Asks: 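One structure coming up, written as structure tokens, with questions to follow.
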Protein chains: 2
Amino acid sequence: MSSSMAPGNSPTMRDVAAHAAVSPMTVSRTLRGDPRVSPEMRERVLASVEALRYRRNDLARGLRTGRSSGLLGLVVTNLSNPFYSELALGVESLASAGGMRVVIGNTGGDLDRERQLVDDMASRRVDGIIVVPAGNDHSHLDPAALHGLPVVLATRPPSGQDIDCVVVDDFGGSRRATAALVAQGHHRIGFLGLGRSLWTGAERLRGHCAALEEAGLAVEDALLRSVAPDAGAAETLALELLGRDDPPTALFAANNRNTVGAYRAIAETGSFAALAGFDDLPLADLFAAPISVVTYDTGEVGRRAAELLLERIAGEQQPAHPRIVTIGTTLKRYQPLRGPASG
Amino acid sequence: MSSSMAPGNSPTMRDVAAHAAVSPMTVSRTLRGDPRVSPEMRERVLASVEALRYRRNDLARGLRTGRSSGLLGLVVTNLSNPFYSELALGVESLASAGGMRVVIGNTGGDLDRERQLVDDMASRRVDGIIVVPAGNDHSHLDPAALHGLPVVLATRPPSGQDIDCVVVDDFGGSRRATAALVAQGHHRIGFLGLGRSLWTGAERLRGHCAALEEAGLAVEDALLRSVAPDAGAAETLALELLGRDDPPTALFAANNRNTVGAYRAIAETGSFAALAGFDDLPLADLFAAPISVVTYDTGEVGRRAAELLLERIAGEQQPAHPRIVTIGTTLKRYQPLRGPASG
DNA sequence: CTGTTAGCGCGTTCAG
DNA sequence: CTGAACGCGCTAACAG
């Protein structure tokens, strides 16, 4: 009765062993399913385990076995964004399938916070980390700088380091969306972009321009705008574009926030401009006006990232070169609901 | 040079000590900020730490100090639901503020999975668990059955056990929404509920009925429907209600899925029925028709839950009785955007 | 089949 | 101010 049953103190193997009048080793073996334990012993031990509601300490176990924590780190910029929560679900499902758990960290887009989160997770001896980088400096994410701790970047490619990554086909998706607008007869298309410093922003702009050029259309700088990540900023810029003497007949927005802003601008001005945007807008078929969006399987991003990570973790032979997985996109058209009144 | 620098093997304190030609103890003290270390020693140690990119093993540290893992468990039914991801963000923000990390687990609504997740987290020695219970059996969530491990239930009250919880004012929110419909002149209101077995479903029904009764209106069983958690099921039931000889002039939907189904049904039939629903529908001002929703601060649910949990964890004296925190609701009206065309 | 010894990486305790 | 011994909870490696 040395260290037992104080409220809040879990019993140890020794407590169980004492209760069952066996050695701790027998308890250990029983709990690990070692076959060389006689049925009677096994029964006696299990009875004591139940009686004491004993639960093996995975931390101590991991320390001894050398096997690490069974934890995957997941560092995202904004968990409340449905995009990242679906990604998180994708990661969780694969992790769980491998008996691992996921530790999350939210950076809020702050690079320093990202650094300290990664550091903290490394100290907790997670088996690997999936990161949606907040900035362009990825030096602290290089496995080489982390004693070989596997890292996978999600939705952004590494900048200079050898790191696995899963990215969305930003270029192709934007190209297709713009091409569709062109096919509908639009020759002047306003573009509401992200900062060009973001890889994702640059790619989406590139795709947009590529589609224009392939259609033999000029890329007018006056129609290309960059939007800060603010809420109403996109709306303001869209209003500006639509208010020009020679307004565009269509808008392409480089992410969901921009798309919403553009939609509001169009609705407010009563413009008939067509609208397309990157990222899905789940209930857009309930909107008053039609809209096209570039969608992709967000959960798949998480699953593939987890896959790459788990391969590295389990990996006997490590791939020499970092791998890049690209998730494809689909152009989806949302048409307003029509009641029988109009049919 | 015994256990050092194999790729994938982190250095230990001994490695650092060897590198700095001091005893491991000096390294330990330096890293913990123990003042009784001479500046020169301190420098030498820190230099070696940097050189080896050493990172202290928090697992081993926790084992020795007795302080637990610094981990909070968060078990939800469906992470991809924006509701729970905001809740998760709320939990994460408070946990981070206290230097803790969050381990997530997704049950998919499966009670067995919930049990094994809680079990697993207990084995990992998390300091506390926040659970959105998948069912009505909470016996495995009772701290008494978990050696005093603190537990907080989110969005559902405990059923029989002494467990802290944070719930939404489901009753009040529903009552207010229905009262608003009544005030608009609606006397026959269809109700699209959840199963009555869910606490949340029962409360929302109760609130709806209370509002009717307070207005002196009869509660017609024929207008009360229960909807399975399927996607289109709510739509089907709503169509049924609207197709009656004596259809309701308004619908109240008990959650966001039901609201969407009801909205679709109304749009399809060209009905003029008014619509209100529990849970926010973020971009509903872009919808073609107006709609009222009962909203509440989802992040606040997570933050308050984390607060209760952290209090229990830090707690010198434990509150004898379980605590219930109720999060208030707001009735929010979404009006379709109006361009100057109609003004 | 079971028990004993030793040690995972670290920190407390007590000597120097 | 620094180091040596011991132990956190658990499990390999070796006895018996």
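Since the model is a prediction, treat every value here as computed from it, not as a measurement. What's counted below: heavy atoms across the whole structure, side chains too, no hydrogens, waters or symmetry copies.
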Asks: Name the closest nucleotide to the B:Thr65 side chain, picking from D:dG9, C:dG11, C:dG3.
Replies: C:dG11
Asks: Taking only N and O in the side chain of A:Tyr54, is any of them less than 4.0 Å away from OP1 or OP2 of D:dC10?
Replies: yes
Asks: Ignoring hydrogens and geometry beyond distance, is the side chain of A:Arg29 in donor-acceptor contact with the base of C:dG3 at under 3.5 Å?
Replies: yes
Asks: For a quick test of reading the model: is some side-chain N or O of B:Ser23 closer than 4.0 Å to OP1 or OP2 of D:dA4?
Replies: no
Asks: Any side-chain N or O of B:Arg32 less than 4.0 Å from the OP1 or OP2 oxygen of C:dT12?
Replies: yes
Asks: Looking at every non-hydrogen atom in both residues, tell me the closest pair between B:Cys165 and B:Leu308 and how far apart they are.
Replies: O-CD1, 3.9 Å
Asks: B:Asp34 has an atom CG; how far is it from atom P of C:dT13, in whole Å?
Replies: 12 Å
Asks: Check this one for me: any side-chain N or O of B:Ser38 less than 4.0 Å away from OP1 or OP2 of D:dC1?
Replies: no
Asks: Can you tell me the distance, in whole Å, between the CG atom of A:Leu31 and the P atom of D:dC10?
Replies: 9 Å
Asks: Using whole Å, what does the distance between atom P of nucleotide C:dG11 and atom CG of B:Leu59 come to?
Replies: 12 Å
Asks: If you compare every side-chain N and O of A:Arg61 against the phosphate oxygens of D:dG9 (OP1, OP2), does one of them come in below 4.0 Å?
Replies: no
Asks: Just by distance, do the side chain of B:Asp162 and the backbone of B:Pro322 share a donor-acceptor pair under 3.5 Å?
Replies: no
Asks: Does B:Met13 reach a base, just sugar-phosphate, or nothing at all? Heavy atoms under 4.0 Å.
Replies: sugar-phosphate
Asks: What nucleic acid atoms does A:Arg36 come within less than 4.0 Å of, heavy atoms only: base, sugar-phosphate, or nothing?
Replies: base
Asks: Below the 4.0 Å mark, does D:dT11 have OP1 or OP2 next to a side-chain nitrogen or oxygen of A:Ser28?
Replies: yes
Asks: Please determine if a side-chain N or O atom of A:Thr26 lies less than 4.0 Å away from the OP1 or OP2 oxygen of C:dG3.
Replies: yes
Asks: Less than 4.0 angstrom between a side-chain N/O of A:Arg56 and OP1 or OP2 of D:dT11, yes or no?
Replies: yes
Asks: How long is the straight-line distance from OG of A:Ser85 back to CZ of B:Phe83, given to the nearest 0.5 Å?
Replies: 13.0 Å
Asks: Distance check needed: C:dT2 P versus A:Glu40 CD, whole Å only.
Replies: 7 Å
Asks: Write down the distance between CG (B:Asp58) and P (C:dC8), rounded to a whole number of angstrom.
Replies: 19 Å
Asks: Nearest whole Å is fine: how far is C:dC8 C1' from B:Asp15 CG?
Replies: 13 Å
Asks: For D:dC8 and A:Arg14 - does any side-chain N or O of the residue sit under 4.0 Å from the phosphate oxygens OP1/OP2?
Replies: yes
Asks: Nearest-nucleotide wise, let me know which of B:Arg64 and B:Val22 is further upstream toward the 5' end of DNA chain D.
Replies: B:Val22
Asks: Would you please test A:Arg124 and B:Ser69 for side chain to side chain donor-acceptor pair (under 3.5 Å) and show each step?
Replies: CA-CA 9 Å; A:Arg124 290 177 189 280; B:Ser69 57; 5.9 Å; no
Asks: May I ask you to decide whether A:Asp120 forms a salt bridge with B:Arg101, counting only side-chain N to carboxylate O separations under 4.0 Å?
Replies: yes
Asks: Give the rounded distance in Å between these two atoms: CZ of A:Arg124 and C1' of C:dG9.
Replies: 16 Å
Asks: At their closest point, which heavy atom of A:Leu153 faces which heavy atom of A:Leu141, and how far apart are they?
Replies: CD1-CD1, 4.0 Å
Asks: Send over the distance from B:Asn57 CG to D:dG9 C1', rounded to a whole Å.
Replies: 14 Å
